[in-house]
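Below: one structure, written as structure tokens.
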Protein chains: 2
Amino acid sequence: MKQSKLFTKTQKFAPKDEISKNAQLLIRAGFAHKEMAGVYSFLPLGLRVIEKISEIIKVEMDAIGGMQMKNSALQVQNVWEKTNRWDDAVVDNWFKTELKNGTKVGLAFTHEEAMTNLMKNFVSSYKDLPAYPYDIRTMFRNETRAKSGLMRGREFYWKALYSFSIDEAQHNEFYERAKKSYQKIYKNVGLGAKTYLTFASGGTFSKYSHEFQTISEAGEDIIYVDEEKNIAINKEVLTDEVLSDLNVNKDNLKETKAIEVGNIFSLGTKFSEPIGLTYKNKDGKEKKVFMGSYGIGIGRLMGTIVEVFADDKGIVWPESVAPFKIHLLVLGTQSVVRSQADELYRKLQEAGVEVLYDERDIQPGQKFADSDLIGIPYRVVISERSLKDGGVELKKRNEEKGKIVKIKNLLENKKYARNNN
Amino acid sequence: MKQSKLFTKTQKFAPKDEISKNAQLLIRAGFAHKEMAGVYSFLPLGLRVIEKISEIIKVEMDAIGGMQMKNSALQVQNVWEKTNRWDDAVVDNWFKTELKNGTKVGLAFTHEEAMTNLMKNFVSSYKDLPAYPYDIRTMFRNETRAKSGLMRGREFYWKALYSFSIDEAQHNEFYERAKKSYQKIYKNVGLGAKTYLTFASGGTFSKYSHEFQTISEAGEDIIYVDEEKNIAINKEVLTDEVLSDLNVNKDNLKETKAIEVGNIFSLGTKFSEPIGLTYKNKDGKEKKVFMGSYGIGIGRLMGTIVEVFADDKGIVWPESVAPFKIHLLVLGTQSVVRSQADELYRKLQEAGVEVLYDERDIQPGQKFADSDLIGIPYRVVISERSLKDGGVELKKRNEEKGKIVKIKNLLENKKYARNNN
């Protein structure tokens, strides 16, 4: 993409009321626009990152049997009354609104009720199970405070999968697969080394739920990490009993702040019972469906990646989620340099490389600063000087110094091509 | 996809309160689920169609310089007050809700205000224009009545592009490109022959706006078609003056019901003036940005396609938007037939063909009925009989009779492959 075609520009300052690093950088670099506290629009660069993360999640959800669909945001009262989650006194982050005839409706903050109700149309026999529908969509939560930028929004983009199984054994088998699938997702978006499977409070049907927590000073949670065992425990549940359950020695635990980047939860029959989602087993007996839920905030993941990798110059995207792989900067206005730059841009595109081409007629210093702020993994500078030195200057965003490479070698290096992260 | 893995099933009946043909068929066939009047979830089959239509639209928007982004649904009051569109007495289809601190917010029914306000961050000079951001997302409109199924929803999926130009001349040039681009879209989704560029009421800045109207008995609009000139006039604006403007003879017009499947509108400075979106021209003079808007309801397009092509047995999808290209039905339970069917399914997938494989252990009659209801363009039946006859039975959804083709020929026919509509 030619940078002059991108209608966004970098900005020197973020809005004054924006205190979180992730939102400040994402706004200044032109990835997000703040509509109000906790509500952001994704600009073209931001949407590209959101779509990369979504695609990584999709691949893993499909691999474990997930089936994508699209729920509605608007929710009917009577289904939520069955689980006692309609009342604002019980669930305090509803957005409610009403139809012209006065009927109250809600804006989904989650979809357990809607999905359980929907599945009643399709589940009657054990043969109809298991089922793993999932959704990637905008959700709404009426947060009292929204000060963590894209990490806790009033309107946010997430993935939720719901599992419907015949019994706890079938559920547990899927739950373990989901755990591994989540770990792959964090690895693939670049957060693997900093993200821990974390034991958190369960419910009626399971002693624990599992969170995925990424170590960061910007985190709102406190966790205790056992690096040797590669697990963590949420402060909420840190008791001697839990230590003994997990066979963890208190002395090996390290306290740290962390961001919850996902959670998986055994729901048992908490929703299927009140809503009446049942099936007939092999013996013709009526049984309740055993459920689980599996969420990942995609905007939050984007914000987390910014928090974890950014340096004092700007964002540093991992290759797998970067909006472009190469940021091509042409310096100077000589037509011989410009024409070689144009040709390189064309050839990179032909080779399937995602490249942002800064062909704007502005000072080199501004181009370098913008490039650092936007954070594309590979910066390629073409100038009179680089051509004299034998090619282009290639520098990784997280390295200090670049090196001259021949244009031919850059074009032949497969690692820049689209599907080769 | 194996049909047994699809958690949806076909249903004999649609909900009793569902009177529109498109929603009845989409619900019965397992494409949509009705949450409430005017609010539908898209099931996996439905989401596939929505994504196919979206992709066709994206390609055309990108081709005319569009840049995709993602606006927020939640809207702030003060921006909408500037254009006098916040008050429910002025705009009667708002959904409003409020933050915990009592601040009223709205759910976007369109994005002119939000986009105009957003562009103030990025537009200061004539060099920053033109710009063509667009969005594909869920919108909300508090319709008093919602009886047309997916064609008029309270929550619906649409594409909106907004154009920002330096003046009317630059605007008009893009407007003409958008017109052609829309015509390509309707052609590519299969509605080209039934869709007319239709003159409708304009505004302060243009005598006419343009709608795209698809002829259908289910339509809510009345249009007058001049087949020779390949244009139509909305009943709303049919006057002698208009006939003379368009050089149309009243006797050549045919009255018909039609569905508005898109519209494009010259907005002039209607939004840029009150919101204050200006730029400096070459002479350093402050000028107002000249705008246009370009919408297509994607859910509505899906509903329209169902209305236009369905027959008494079910849906008939055009190839370009069908959830799958081939519906493969295996009949009988003999292992020799089953193993050949499994192998054909595997080979079709390897060849890049999107295929829904009905490997369920149910009666042939039910498989045929489901296949007709779901409406995939090519039905391939493999059975003991077909193998004896030399291959598989291939039948187009909109043809009466099938014919036997050799498996080898089916696999070698490139027209079934994914990117070859």
Side-chain angles (χ1 to χ4, degrees), chain A residues 1 4-9 11 30 33 35-44 46-47 50 65 67-76 92-93 95-101 103 105 107 114 117-119 121-123 127-129 131-133 135 137-138 140 142-144 154-155 157 164, chain B residues 1 4-9 11 30 33 35-44 46-47 50 65 67-76 92-93 95-101 103 105 107 114 117-119 121-123 127-129 131-133 135 137-138 140 142-144 154-155 157 164:
Chain A
M1 186 190 291
S4 67
K5 296 285 170 201
L6 202 63
F7 64 81
T8 60
K9 292 185 224 171
Q11 299 176 61
H33 170 74
E35 296 289 339
M36 64 185 92
V39 180
Y40 301 88
S41 291
F42 295 115
L43 299 168
L47 182 58
I50 288 289
M67 191 73 75
Q68 197 180 357
M69 58 168 292
K70 198 173 251 322
N71 277 294
S72 69
L74 293 173
Q75 298 290 305
V76 291
D92 68 355
N93 62 3
F95 278 110
K96 300 267 177 66
T97 181
E98 59 180 62
L99 306 183
K100 287 286 166 195
N101 64 12
T103 305
V105 293
L107 288 176
N117 191 52
L118 184 150
M119 291 302 282
N121 290 291
F122 304 119
V123 172
K127 290 180 190 164
D128 301 323
L129 297 169
Y132 310 119
D135 195 357
R137 57 162 294 118
T138 302
F140 300 90
N142 204 341
E143 304 281 354
T144 309
R154 292 192 165 109
E155 174 173 342
Y157 204 63
F164 299 87
Chain B
M1 185 188 293
S4 67
K5 296 285 170 202
L6 202 64
F7 64 82
T8 59
K9 292 185 225 170
Q11 298 175 61
H33 170 74
E35 297 288 339
M36 65 186 91
V39 180
Y40 301 88
S41 292
F42 295 115
L43 299 168
L47 183 58
I50 288 290
M67 191 72 75
Q68 198 181 357
M69 57 167 294
K70 199 174 247 327
N71 277 295
S72 69
L74 293 173
Q75 298 291 307
V76 291
D92 67 355
N93 62 3
F95 278 110
K96 301 268 178 66
T97 180
E98 59 180 61
L99 306 183
K100 287 287 166 194
N101 64 12
T103 305
V105 292
L107 288 175
N117 191 51
L118 185 150
M119 291 302 283
N121 290 290
F122 305 119
V123 172
K127 289 180 190 164
D128 302 321
L129 297 169
Y132 310 118
D135 195 357
R137 58 161 293 117
T138 302
F140 301 89
N142 205 342
E143 304 281 353
T144 309
R154 292 192 164 111
E155 175 174 341
Y157 204 63
F164 299 88

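Letters go in sequence order (proteins before strands), and every chain restarts at 1. Hydrogens, waters and symmetry mates play no part in the numbers below; they use all other heavy atoms, side chains included.
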Requested in this report: Can you tell which part of B:Y157 gets under 4.5 Å to a heavy atom of chain A, answering side chain, backbone, both or neither?
Outcome: side chain
Query raised in the report: Is the backbone of A:K70 close enough, under 3.5 Å, to the side chain of A:R137 for a donor and an acceptor to pair up by distance?
Result: no
Query raised in the report: Which region of B:V39, side chain (C-beta onward) or backbone (N, CA, C, O), has a non-hydrogen atom less than 4.5 Å from a non-hydrogen atom of chain A, or is it both or neither?
Result: side chain
Query raised in the report: Does A:S72 use its side chain to pair, donor to acceptor, with the backbone of B:S41 at less than 3.5 Å?
Result: no
Query raised in the report: With sequence neighbours left out, what residues match B:Y132 under ring-ring contact (aromatic ring centres under 6.0 Å, His included)?
Result: B:F174
Report summary line: Counting heavy-atom pairs under 4.5 angstrom with chain B, the leader among A:E35, A:Q75, A:K127 is A:E35
Query raised in the report: Side chain, backbone, both or neither: which part of B:L107 has a non-hydrogen atom closer than 4.5 Å to chain A?
Result: side chain
Report task. With a 4.5 Å cut-off on heavy-atom pairs, point out which of B:L6, B:L43, B:V123 contacts chain A the most. Result -> B:L43
**Report entry** B:N101 versus chain A, the contacting section by heavy-atom distance below 4.5 Å
**Finding:** neither
Query raised in the report: What part of B:K96 lies closer than 4.5 angstrom to a heavy atom of chain A: side chain, backbone, both or neither?
Result: backbone
**Report entry** A:K5 side-chain N/O to B:M67 backbone N/O, donor-acceptor pair under 3.5 Å
**Finding:** no
Query raised in the report: Checking heavy atoms, do the side chain of B:E98, its backbone, both or neither come under 4.5 Å from chain A?
Result: backbone
